[in-house]
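Basis for what follows: all heavy atoms, side chains included, without hydrogens, waters or symmetry-related copies.
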Amino acid sequence: MTVRVRYAPSPTGHIHIGNARSALFNYLFARHNNGTMILRLDDTDRKRSTDEAIQSMIEDIKWLGIDWDEGYLKGGPYGPYRQTERMDIYDRYIDILLKEEKAYELYYSEEEIKEIRNEYVKQNKKFSYRYLKETETEERRRAFKENNKGLLPAVVFKVEANKEIVVNDLVRGNVKFNSSEFSDFVIRRTNGIPVYNYATVIDDALMKITHIIRAEEHLSNTPKQLFIYDALNFPHPLFAHVSLILAPDRSKLSKRHGATSVGQYRDMGYLPEALFNYLALLGWSPKDNREFFTKEELISLFTLENVNKAPAVFDINKLTWMNHHYIENLSSGEIIKRAELIGIDFSKKTKEWWVELIDVAKEHLNTLKDIEKIAAPFFEELTFESDVLDELKTYQPVELLKKFKENIASLTEWSMQNTLKTIRQTGKELKIKGRNLYYPLRLAITGSRAGLEIHEFIYFIGKEDTIKRLDKAIKELMKDA
RNA sequence: GCCCUCGUGGUCUAGCGGUUAGGACAUCGCCCUUUCAAGGCGGCGGCAGGAGUUCGACUCUCCUCGAGGGCACCA
């Protein structure tokens, strides 16, 4: 049996981190088993599934490094792969269910149902479509047709009472439900569009999906889907319900927690290989103490047995640490290429200048965006925040700055090595060393507490600018002396 | 309310009846006699609780508690 898995997002914009991990697990599982990865668009929510939304979803998934063999944009033997293009197929099976009396048509509008349901809730009575159907009159049917032009009666699936149903789940074992916990449910709306729990079954069955790997939030609805499999005599697929990714406060990761989409992480300067690696390790473990894996290694190691049952908190700190590692291992040229892709501007200096800068700045970069932070002082006038100035004063650095200016001015051969030598030389002459030597120079020349090593910074801004900056700092310090 | 799932340090995890409970991120300290950062070394910190079963439970069973998810003409 060849493995066939699918990623079936509802394209409503950028891919959510949780969905991205589902896609990732499907992808790894497919590749590990030499199976087929299918991309299907569950776009029955027409309001939200715009063309732009589909575009950014495709961009995100490709950027992350996930590709697929069959489906949207690729075609295949079981198409079309967009639910909105499969309406005739859904209708065909609706007809079968209706004919076999496994479903029924209900002549109530959505609004009417809502009202009735509210009424029932108020009276503490249990709502059921079945009762409505049993008490439905010929008169109501006639009235529905007359009053609801263009609308069809809803189609409701009949749930048989008191049947045990088990979800065969590869990560949770056999999860048992009793059908009496469920009541009849709508499978086709009055507007003719089928509902998720129905459409997904038709698609998964017809597309011969063997393993459904998806988030745990779907587990409780799986019995409903299994009822439909059974009603249509479709063989059950195997399931793998993967735990949710949680925010630091242990609730479901949502917009109020900050960045939650793949696109946002790309724009913040995270590398796809870092996100890929990090996400793979969230809820899955190779049972090994290593942390860094290439895509190929993950593919060869990935199995569903090693998927974790407990939900996992998304930790941006660890992602950032991982990202730093991946950036540091890229060549400076490659880093620039990647950074250009997210719109970082390299036009103010030559390519050579940037490569040289990034060669030494690499180890400071947590994200690609940090390049802007590190480069900013080169393009901005030197200014002093009052607290930085106060701190600088505590070193009483005027003599040091003057001496250093003198030494740097007489430096003939401009190199990183020599700027460092000049600092040491100045220190020796004044008998200052360590933090007392380097830190005031850093504060005076950059106006900032962090960044490149100070001799590197001096090298990159050049002699003239260094002297100008020293003058400015000295002037600032003398002001209220 | 009903149903389902889960529970190892702050976080991600290894462990599948006998371990000084291992690793990583974060945090703290030290070192790198040259700063911040990076790096190296080290420290703090954990089996949710209670009953069983067993010579012996993080590991097996039950209960409690806690967390999350589902119960839509959303997906």
Side-chain angles (χ1 to χ4, degrees), chain A residues 8-12 19 42-45 47-49 83 106 108-114 117 124 126 129 151-152 154-156 167 169 171-173 175-178 180-183 185-197 199-200 214-224 241 243-244 246 248 250-252 278 281-292 306 308-322 324 328 361-366 374 420 423-424 427 433-443 446 448-455:
Chain A
S10 186
T12 56
N19 292 130
D42 282 10
D43 62 340
T44 52
D45 186 347
K47 276 165 277 173
R48 295 194 295 162
S49 295
Q83 291 193 325
L106 189 68
Y108 284 82
S109 72
E110 193 180 344
E111 292 71 32
E112 286 171 314
I113 294 288
K114 272 185 187 148
R117 197 190 291 271
N124 234 328
K126 209 179 163 216
Y129 288 112
L151 288 188
L152 273 42
V155 176
V156 180
V167 179
D169 195 293
V171 349
R172 278 153 222 288
V175 185
K176 299 181 179 78
F177 296 85
N178 188 294
S180 299
E181 291 151 18
F182 300 85
S183 57
F185 56 95
V186 171
I187 55 177
R188 192 176 68 191
R189 305 172 173 96
T190 44
N191 64 9
I193 296 175
V195 141
Y196 168 79
N197 278 319
T200 199
R214 45 148 70 144
E216 194 198 333
E217 56 189 322
H218 293 283
L219 181 57
S220 296
N221 279 324
T222 305
K224 284 186 181 178
H241 287 97
S243 297
L244 260 25
L246 270 27
R250 298 219 139 249
S251 68
K252 215 170 157 183
Y278 177 72
L281 259 30
L282 251 202
W284 172 80
S285 164
K287 315 272 181 201
D288 168 314
N289 281 339
R290 284 192 302 157
E291 299 283 340
F292 292 100
N306 288 354
N308 241 68
K309 293 177 180 181
V313 172
F314 187 84
D315 181 10
I316 195 167
N317 273 323
K318 191 155 186 179
L319 204 213
T320 303
W321 164 77
M322 223 168 224
H324 170 258
E328 209 176 10
K362 244 189 224 185
E363 63 179 70
H364 301 278
L365 299 176
N366 281 327
I374 285 195
L420 178 58
I423 295 174
R424 284 178 175 165
K433 59 180 181 177
R435 186 184 168 90
N436 291 328
L437 172 60
Y438 288 85
Y439 209 61
L441 285 177
R442 166 186 296 283
L443 294 176
T446 69
S448 154
R449 294 187 177 88
L452 294 179
E453 298 216 23
I454 188 62
H455 72 276

Asker: State the pairing partner of B/G1; accept Watson-Crick or G-U wobble contacts with both distances under 3.5 Å, and report none otherwise.
Answerer: B/C71

Asker: Side chains of A/His241 and A/Asp169: is there a donor and an acceptor less than 3.5 Å apart?
Answerer: yes

Asker: If each of A/His364 and A/Pro9 is mapped to the nucleotide of RNA chain B with the nearest heavy atom, which maps nearer the 5' terminus, i.e. the 5' end?
Answerer: A/His364

Asker: Between A/Thr200 and A/Arg214, do the side chains contain a donor N or O and an acceptor N or O under 3.5 Å apart?
Answerer: no

Asker: Can you tell me the Watson-Crick or wobble partner of B/G18, both distances under 3.5 angstrom?
Answerer: B/C55

Asker: Are A/Asp42 and A/Tyr196 packed together at the side-chain level, in the sense that at least one heavy-atom pair is separated by less than 4.5 angstrom?
Answerer: yes

Asker: Does a side-chain N or O from A/Lys309 land closer than 4.0 Å to OP1 or OP2 of B/U5, or not?
Answerer: no

Asker: Using atom types as modelled and distance alone, determine if a side-chain donor or acceptor of A/Arg188 lies under 3.5 Å from a backbone N or O of A/Leu152.
Answerer: no

Asker: P atom, B/G52 versus B/G68: distance in rounded Å?
Answerer: 32 Å

Asker: Between the base of B/U35 and the side chain of A/Arg442, is there a donor-acceptor distance below 3.5 Å?
Answerer: yes

Asker: Could you check how far CG of A/Asn178 sits from P of B/C3, rounded to whole Å?
Answerer: 11 Å

Asker: Within this structure, what is the CG-to-P distance between A/Asn289 and B/G22, rounded to whole angstrom?
Answerer: 11 Å

Asker: Both distances below 3.5 Å, Watson-Crick or wobble geometry, any strand: find the nucleotide opposite B/A24.
Answerer: B/U11

Asker: Under a 3.5 Å cut-off for both distances, is B/U33 Watson-Crick or wobble paired, and to whom?
Answerer: none

Asker: Kindly give the atom pairs (protein nitrogen or oxygen, nucleotide nitrogen or oxygen) under 3.5 Å for nucleotides 65-71 of chain B.
Answerer:
residue: B/G69; atom: N2; partner: A/Ser220; partner atom: OG; Å: 2.9
residue: B/G70; atom: O3'; partner: A/Asn221; partner atom: ND2; Å: 3.3
residue: B/G70; atom: O2'; partner: A/Asn221; partner atom: OD1; Å: 3.4

Asker: Under 5.5 Å between ring centres and under 30° between planes: true for A/Tyr438 and the base of B/U35?
Answerer: yes

Asker: C1' atom, B/C2 versus B/A14: distance in rounded Å?
Answerer: 37 Å

Asker: Please work out if A/Asn308 contacts a base, only the sugar-phosphate, or nothing of the nucleic acid, heavy-atom cut-off 4.0 Å.
Answerer: sugar-phosphate

Asker: Find the distance A/Lys318:NZ to B/A26:C1' and express it as a whole number of Å.
Answerer: 10 Å

Asker: For nucleotides B/G69 and B/C31, find the distance between their C1' atoms and express it as a whole number of Å.
Answerer: 49 Å

Asker: Specify the closest pair of heavy atoms between A/Asn197 and A/Asn221, including all atoms of both residues, with the distance to one decimal.
Answerer: OD1-CB, 3.9 Å

Asker: Could you tell me how far apart A/Asn124 (CG) and B/C2 (P) are, to the nearest whole angstrom?
Answerer: 13 Å

Asker: Within the pair A/Lys287 and B/A14, is there a side-chain N or O less than 4.0 Å away from OP1 or OP2?
Answerer: yes

Asker: How many whole angstroms separate atom CE of A/Met322 from atom P of B/A38?
Answerer: 17 Å

Asker: Over all strands shown, is A/Ser109 touching base, sugar-phosphate only, or nothing at heavy-atom distances under 4.0 angstrom?
Answerer: base

Asker: Which residue lies toward the 5' end of RNA chain B, A/Pro194 or A/Phe177, if each is placed at its nearest nucleotide?
Answerer: A/Phe177

Asker: Charged N to carboxylate O below 4.0 Å: is that the case for A/Glu453 and A/Arg442?
Answerer: no

Asker: Closest approach of A/Lys309 and A/Val171, non-hydrogen atoms and distance?
Answerer: CE-O, 3.2 Å

Asker: Within the structure shown, what part of the strands sits under 4.0 Å from A/Gly427 by heavy-atom distance: base, sugar-phosphate, or nothing?
Answerer: nothing

Asker: Taking only side-chain N and O atoms of A/Asn317, does any of them lie within less than 4.0 angstrom of OP1 or OP2 on B/A24?
Answerer: no

Asker: Once you apply the 3.5 Å cut-off to both distances, tell me the Watson-Crick or G-U wobble partner of B/C62, or none.
Answerer: B/G50

Asker: Under 4.0 Å between any heavy atoms, over every strand shown, what does A/Ile187 touch: base, sugar-phosphate, or nothing? Just pick one.
Answerer: nothing

Asker: Taking the C1' atom of each, how far is B/C58 from B/G22, in whole Å?
Answerer: 14 Å

Asker: Please state the P separation for the pair B/A48 and B/A57 - nearest whole angstrom.
Answerer: 16 Å

Asker: Quick one: label A/Ile454 by what it contacts on the DNA or RNA (base, sugar-phosphate, nothing), any heavy atom closer than 4.0 Å.
Answerer: base

Asker: To the nearest angstrom, how far is A/Asp288 atom CG from B/G15 atom P?
Answerer: 11 Å

Asker: Under 4.0 Å, counting only non-hydrogen atoms across every strand here, what does A/Thr190 touch: a base, just sugar-phosphate, or nothing?
Answerer: base

Asker: Distance between the P atoms of B/G15 and B/C71, in whole angstroms?
Answerer: 33 Å

Asker: Using atom CG of A/Leu319 as one end and atom P of B/U13 as the other, report the distance to the nearest whole Å.
Answerer: 14 Å

Asker: Using ring-ring contact (aromatic ring centres under 6.0 Å, His included) as the criterion, point out the one residue from A/Phe292, A/Trp284, A/Phe314 that pairs with A/Tyr278.
Answerer: A/Phe314

Asker: Less than 3.5 Å apart, any donor N or O on the side chain of A/Asp43 or A/Gln83 sitting next to an acceptor on the other?
Answerer: no

Asker: Need one value for A/Tyr108: base, sugar-phosphate or nothing, where a base atom within 4.0 Å counts as base even if backbone is also close, heavy atoms only.
Answerer: base

